[in-house]
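Keep in mind that the numbers below use all heavy atoms, side chains included, and drop hydrogens, waters and symmetry copies. Below, chain A is the first sequence line, B the second, and so on; all start at residue 1.
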There are 2 protein chains.
Amino acid sequence: MSVHSLKLAPQDCGDCPIRHRAVCSRCDGPELARLEEMKYYRSFQAGQNVVWSGDRMDFVASVVSGIASLTQTMEDGRRQMVGLLLPSDFVGRPGRGVAPYDVTATTDLVMCCFRRKPFEEMMSSTPHVAQRLLEMTLDELDAAREWMLLLGRKTAREKIASLLAILARRDTGLKAKAAKGPISFDLPLTREEMADYLGLTLETVSRQMNALKRDGVVELGEKRRIVVPNFDRLAEETGDDSDGGFLS
Amino acid sequence: MSVHSLKLAPQDCGDCPIRHRAVCSRCDGPELARLEEMKYYRSFQAGQNVVWSGDRMDFVASVVSGIASLTQTMEDGRRQMVGLLLPSDFVGRPGRGVAPYDVTATTDLVMCCFRRKPFEEMMSSTPHVAQRLLEMTLDELDAAREWMLLLGRKTAREKIASLLAILARRDTGLKAKAAKGPISFDLPLTREEMADYLGLTLETVSRQMNALKRDGVVELGEKRRIVVPNFDRLAEETGDDSDGGFLS
DNA sequence: CCTTTCATTTGATCCTGATCAAAGTAATCG
DNA sequence: CGATTACTTTGATCAGGATCAAATGAAAGG
């Protein structure tokens, strides 16, 4: 069981992510009350599809627990993951009624949903909500562009290291870098999902994971447990600048 | 000289893209008047840098004529283009003071700029401006994710075909698909820039361009002129679904 | 507990695109 | 106009990762 599911029980929404990230971290006004009324939960089992590319998508949502992925597929089956949604991430596109890619529950998943229409109305009458959404979308765009660099120019080993670093940071709440000691987390993805994330095959992922293990960069424990003895060492393997992420 | 520069003389801003795309396609209120006062122009020569990654970026802007590119670079020089800005595209990130990637004038370039602070103030007092920006950012995010599929899973030939199709569509105003006849446009990118866009080397780009030529998919005229005798034929080479782009 | 299924590892071989090198073209400038 | 510089093509070789194949390991279910 991933640590994520411990963050927040779906019944207890006092700390619901939508409140903190998606909508309004700055106020407690009537908008929030309206949102509270509107919201509802949906659960999915690991592997279950949330929406298919091309489907109508009449809601927006925030991930409460678990992990969802956005993937694009070509006719012949080649697949590329284009988004990985962790708890507190936002899904859905105000103003767009059709999903442009598949959304899948990678692990057991709980989402906090809002029907799209009323959410959009709320948005237009509440300026800073649109601004908050814009901010989040810009973050996602930054992430997508980082990801493009990874896909286009990094070696297989660098790709793997980058993904592990991203997951480690997310799972330990960004303080992984600061912490000097070893950190560990549960890999939420299969080799195949990692391959779809990285633009590789699962065989290459497996080989490179073991290469990193052989070189002492990571330890692969039981049941997908990953131990990173030295985060800086892992960061060196990513090919990124050491000072990544001092954006204002 | 690219056809783009003919679209709009920078002095004549009655048709300034910022008006139509970036800010407000729905109104003519006082916001527009305020914007008109704020705006100013900047010109860059082909090859000139607009901002470096990590620089302060105190303005947002709309491309009036020419082409700008966003690129990310690794320490060892590997480069990946992560954005290609054509006329009417928006650059800049409300709320962020630092550029996360290099912005370069790929051709001679004219941008219509607004200082960031006053623009942001205008945004917060004018709800639908933030909404419009959100919409544009979502479009960019879609484009980025399409691009990720290209980088992660397409073959060199498919990558080239995809890029040519994108440029053809943009240059002919989306009606390329409908048009049954041959279409043509000027390639605004060198082989090296195409390579940076596609995650390839320039040699591979050159070879695949000539392969497409040999196979009659495109004709390479003088001075970077590209002729596409049959757009559907080109589209087949991209690996994309034939019905790409019926988003609501 | 055994069977079935799914995930991962490992091996052998192949192929696409990278790399290294050089020649050919086109644009620029004194 | 000739020389320099930038861009493009072409060739030869190499290597990283894909593909095909099979074995191993771990989880799930009757």
Non-neighbouring partners of [X] that pass side chain to side chain contact (heavy atoms under 4.5 Å, CB included), sequence neighbours left out:
X	result
B:I166	B:Y197
A:S69	A:T71, A:M81, A:L84, A:T104, A:T106
A:S184	A:R225, A:V227

Distance in Å, B:T137 OG1 paired with A:D139 CG, rounded so as to fall on 0.5 Å steps =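 Rounded to the nearest 0.5 Å, the OG1-CG separation comes out at 11.0 Å.
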Close side-chain approach of B:L189 to B:R224, heavy-atom, < 4.5 Å = no
Any side-chain heavy atom of B:V110 within less than 4.5 Å of one from B:R42?
->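 Side chain of B:V110 against side chain of B:R42, heavy atoms only: no contact under 4.5 Å found.
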So, is A:R224 close to the C:dT8 phosphate, meaning a side-chain N or O under 4.0 Å from OP1 or OP2?
->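 Answer is yes, contact under 4.0 Å.
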Backbone N or O of [Y] within a donor-acceptor pair of the [X] side chain at under 3.5 Å?
X	Y	value
A:N49	A:V51	yes
B:T107	B:G66	no
A:D89	A:V63	no

So how far off straight is the helix from C:dC1-D:dG30 to C:dG30-D:dC1, going by the axes through five pairs at either end, to 10°?
->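 Terminal axis comparison yields 40°.
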Does anything in residues 191-213 of chain B reach DNA chain D, meaning a heavy atom under 4.0 Å, and if so which residues?
->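 B:R191, B:L202, B:E203, B:S206, B:R207, B:N210, in order of number.
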For DNA chain C, find the residues of residues 149-159 of chain B with a heavy-atom distance under 4.0 Å and give them by number; none if there aren't any.
->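 Those residues whose heavy atoms fall under 4.0 Å from DNA chain C, taken from residues 149-159 of chain B in numerical order, are B:T155, B:A156.
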Apply salt bridge (Lys or Arg N to Asp or Glu O under 4.0 Å) to B:E140 and list each qualifying residue two or more places apart in sequence or on a separate chain.
-> A:R145
Between B:R170 and B:F185, is NZ or CZ placed under 6.0 angstrom from the six-membered ring centre and within 45° of the ring axis?
-> no
Qualifying side chain to side chain donor-acceptor pair (under 3.5 Å) pairs, either residue in residues 147-157 of chain A, two or more places apart | A:R153-B:D196, A:K154-A:S162, A:K154-A:D240, A:T155-A:E158, A:R157-A:D215, A:R157-A:E237
Would you check, one step at a time, whether the test salt bridge (charged side-chain N to carboxylate O under 4.0 Å, His left out) holds for A:D142 with B:R93?
-> CA-CA 10 Å; A:D142 281 346; B:R93 302 138 37 88; 2.5 Å; yes
In residues 201-212 of chain B, what donor-acceptor pairs under 3.5 Å come from side-chain atoms, sequence neighbours left out?
residue	atom	partner	partner atom	Å
B:T201	OG1	B:T204	N	3.4
B:T201	OG1	B:T204	OG1	3.1

ring-ring contact (aromatic ring centres under 6.0 Å, His included) pairs, two or more places apart, involving residues 198-218 of chain B | none
Each nucleotide N or O in nucleotides 27-30 of chain C that has a protein N or O under 3.5 Å away: list the pair and distance.
none

Outermost DNA chain D nucleotides near chain A [under 4.0 Å, heavy atoms] = D:dG17 to D:dA27
